[in-house]
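In this chain, residues are counted from 1 in sequence order. Since we're looking at a predicted model, the values are computed, not measured.
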Amino acid sequence: MKSAVETLNPTRVRLTVEVPFEELKSDLDAAYKKINQQVSVPGFRKGKVPARIIDQRFGRGAVLEEAVNNALPKFYSEAVSQGDITPLGRPEVDITELKDGELLAFTAEVEVRPEIELPDFSGISVTVDPVEIPEEDVDQAVEQLRERFGSTKEVERPAGEGDVVTIDLEARVDGEVLEDGVASGVEYTIGSGRLLDGIDEAVTGLSAGSTATFTSELKGGSAAGREAEITVTVHTVAERELPELDDEFAQMASSFDTLEELREDSRARLARQRKYEQATAAQEKVLDALLERVEVPIPEKLLEDEIETRKHNLVGHQLSRLGMDLAGYLKMQDKTEEQFEEELRQEAEKGIRVQFVLDAIAKRDNLSVSQEELTEHLVRRAQSSGMSPDQFAQAVVEGGQVQMLVGEVSRGKALAAVVESATVTDTNGETVTLEDEEDATGETVSATEAAAGTAAGTTEADEEGEGGERA
């Protein structure tokens with residue numbers, strides 16, 4: 001077999017392949033065998049029809065078509081290997097010549113990973129916000145803990161700010177009660193802003209047994225984004241009773257003996273969380289600075305697939321779980337469809353660029369992924385997906401996505417290497433060191449793993465590898 005590669009543009013090539021007919025022998029034999037099992041010819045047992053009879057009865061062309069269709073993926077893969085290219089997606093194949101007994105020739109056009117000229121990124125410098133813990137933030141953290149240990153007591157008076165009311169809700173649109181617009185026994189804290197706009201004003205001043213009506217835009221359900229008339233009925237009014245902020249509270253709510261020790265622990269937790277947030281911000285800024293220094297051609301078909309996948313994930317999964325459609329979402333976000341599409345395209349483009357650049361760095365620097373690193377990343381991905389590590393690992397293996405996780409970790413290592421070589425300072429002029437940090441859950445995360453989190457999920461439509469297999 002002979003093949004040649006013609007570069008059509010930085011992200012697309014044409015393979016020209018010529019296959020001597022003798023290399024099709026095994027595929028022709030397989031084609032005759034397959035047809036033999038499918039046809040019945042009087043005077044011959046099934047599967048025992050001679051090749052010449054098949055040619056006479058059904059035509060040599062049918063055999064050639066079966067053989068060529070079976071052989072093309074194999075010869076295409078060989079051409080890809082000979083040409084040392086990395087295809088993305090399925091090729092567009094055109095058979096240019098088929099001479100029985102002589103030659104099979106075909107072309108295959110396919111998108112490929114572009115060659116990327118990596119810049120010197122040692123001079124990257126970024127600035128992030130400093131880690132500061134104002135006293136009022138500690139107050140708020142302690143107050144949130146205090147709220148958790150609060151209790152309620154029913155009262156016989158009108159409801160006010162901070163009270164907990166038990167209510168029934170009924171939503172009407174165009175005078176009709178919505179099938180999913182009725183809720184009973186809902187517990188709501190006035191002023192929390194966790195339900196509909198306007199409900200705080202509607203229930204404030206109501207006593208048990210009272211009803212009010214107000215208009216609000218529905219945030220979810222079958223009529224998401226539409227104005228509805230909401231009837232709210234108050235069943236009970238309860239006031240919050242919070243424990244005193246003293247040493248006794250600290251002993252009840254924590255393992256500490258004094259309120260001051262509890263406050264110091266809250267301050268330390270906030271510091272760890274903000275240090276992690278600072279590191280994440282630094283990684284994102286370094287990544288943006290890196291992208292500004294390198295030109296990355298985008299394969300158009302890959303981009304369109306990525307846009308479509310992102311849109312499908314938003315509409316088909318995230319919004320559908322909330323009972324909302326795209327129109328309702330756009331209205332809630334105060335965006336036009338054109339603005340939404342443009343933002344989606346920009347996000348998809350950036351995701352692809354990030355992946356290509358970090359993959360190129362990982363390849364250049366021979367960054368391998370150890371089993372320990374892969375396991376650590378798998379566990380964290382499982383946590384974020386709400387699955388157990390075993391369940392997540394099984395889903396990854398069954399979905400053929402192991403290489404996807406390996407890619408995420410290697411890209412994380414590449415980004416960590418870039419961040420390590422960059423200069424990161426805060427707005428106070430202090431140098432920021434990005435060592436192992438604790439994330440928001442309190443778990444220690446290595447710089448590489450944190451970077452993997454920043455780099456992971458940059459694209460949602462994974463590139464397709466040779467023969468159309470997911471890479």
Side-chain angles (χ1 to χ4, degrees), residues 144 147-148 150-242 307-344 347 384-387 460:
Q144 289 173 347
E147 289 276 349
R148 286 171 50 192
S151 59
T152 59
K153 180 181 69 175
E154 284 194 27
V155 293
E156 295 183 3
R157 60 166 174 76
E161 178 81 13
D163 285 341
V164 179
V165 291
T166 304
I167 57 178
D168 291 346
L169 295 167
E170 183 180 82
R172 295 174 180 266
V173 173
D174 297 332
E176 296 292 329
V177 178
L178 299 172
E179 288 187 11
D180 55 354
V182 178
S184 302
V186 178
E187 206 172 75
Y188 177 67
T189 301
I190 300 175
S192 65
R194 293 177 182 172
L195 278 178
L196 299 163
D197 294 337
I199 194 169
D200 290 334
E201 294 79 3
V203 298
T204 298
L206 295 185
S207 300
S210 300
T211 298
T213 301
F214 64 101
T215 301
S216 182
E217 183 180 295
L218 298 176
K219 297 181 179 180
S222 59
R226 298 185 63 183
E227 290 288 326
E229 183 181 78
I230 312 294
T231 299
V232 55
T233 301
V234 176
H235 288 297
T236 63
V237 178
E239 63 183 10
R240 298 277 297 171
E241 292 185 332
L242 301 179
I307 292 171
E308 185 58 34
T309 300
R310 287 175 181 256
K311 188 173 183 177
H312 173 74
N313 286 346
L314 173 65
V315 178
H317 297 295
Q318 299 174 36
L319 296 185
S320 63
R321 283 198 297 264
L322 298 173
M324 186 183 298
D325 60 12
L326 182 59
Y329 171 77
L330 293 178
K331 185 173 182 180
M332 189 172 68
Q333 295 289 317
D334 194 26
K335 293 178 183 176
T336 66
E337 190 166 351
E338 290 73 21
Q339 290 172 324
F340 169 74
E341 295 286 352
E342 179 57 29
E343 288 180 7
L344 204 60
E347 291 169 359
S384 66
S385 68
M387 301 170 67
E460 299 183 36

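Nearest heavy atoms, Asp168 versus Ser184: OD1-CA, 3.2 Å. Smallest separation of non-hydrogen atoms from Ala171 and Leu218: CB-CD2, 4.4 Å. The nearest pair of heavy atoms linking Thr152 to Ala238 is CB-CB, 3.9 Å. Minimum interatomic distance between Gly191 and Glu161 (heavy atoms only, all atoms of both residues): CA-OE2, 3.7 Å. The heavy-atom pair separating Arg157 from Ser207 by the smallest distance is C-OG, 3.8 Å. Looking at every heavy atom in both residues, Ala202 comes nearest to Val232 through CB-CG1, 4.3 Å.
Residue Lys335 forms a side-chain hydrogen bond (donor to acceptor under 3.5 Å, both in side chains) with just one option from Glu342, Glu343, Glu341, and that option is Glu343. Of the options Val186, Thr189, Ile190, Thr204, a side chain to side chain contact (heavy atoms under 4.5 Å, CB included) to Val165 is made by Ile190 and by none of the others.
Residues Ile199 and Ile230 are not in side-chain contact: their nearest non-hydrogen atoms beyond the backbone lie 4.5 Å or more apart. Using a 4.5 Å heavy-atom cutoff, the side chains of Thr336 and Leu330 are not in contact. Side-chain atoms of Tyr329 and Leu314, non-hydrogen and from C-beta on, do get closer than 4.5 Å to each other. Residues Leu326 and Phe340 form a side-chain contact, since some pair of their non-hydrogen atoms from C-beta on lies under 4.5 Å apart. In this structure the side chain of Lys153 never reaches within 4.5 angstrom of the side chain of Arg240, judged on heavy atoms. For the pair Glu239 and Val164, the minimum side-chain heavy-atom distance is 4.5 Å or more. Taking 4.5 Å as the limit, every side-chain heavy atom of Val237 sits out of range of all side-chain heavy atoms of Glu154.
A salt bridge links Arg172 with Glu170; the closest basic N to acidic carboxylate O contact falls under 4.0 Å.
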Start with the C-alpha distance between Glu217 and Arg226, add both sets of side-chain angles, then the distance that settles side-chain contact (heavy atoms from CB on, under 4.5 Å), and finish with yes or no.
-> CA-CA 5 Å; Glu217 183 180 295; Arg226 298 185 63 183; over 6 Å; no
In sequence, state the C-alpha distance, the side-chain angles, and the governing distance for Asp200 and Tyr188, and then conclude on side-chain contact (heavy atoms from CB on, under 4.5 Å).
-> CA-CA 10 Å; Asp200 290 334; Tyr188 177 67; 2.5 Å; yes
Applying side-chain contact (heavy atoms from CB on, under 4.5 Å), run through Thr233 and Ile167 and close with a yes or a no.
-> CA-CA 5 Å; Thr233 301; Ile167 57 178; over 6 Å; no
Start with the C-alpha distance between Leu319 and Asp325, add both sets of side-chain angles, then the distance that settles side-chain contact (heavy atoms from CB on, under 4.5 Å), and finish with yes or no.
-> CA-CA 6 Å; Leu319 296 185; Asp325 60 12; over 6 Å; no
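Listed for the Ser216 side chain is a donor-acceptor partner under 3.5 Å among the backbone atoms of Asp197. At least one donor-acceptor pair under 3.5 Å links the side chain of Asp163 to the backbone N or O of Gly160.
Counting non-hydrogen atoms of other residues, nucleotides and ligands closer than 6.0 Å to CD of Glu241 gives a total above 12. Within 6.0 Å of the CD atom in Gln339, the count of heavy atoms belonging to other residues, nucleotides or ligands exceeds 12.
Here the CD-CG distance, from Glu337 to Leu344, works out to 11.0 Å after rounding to the nearest 0.5 Å.
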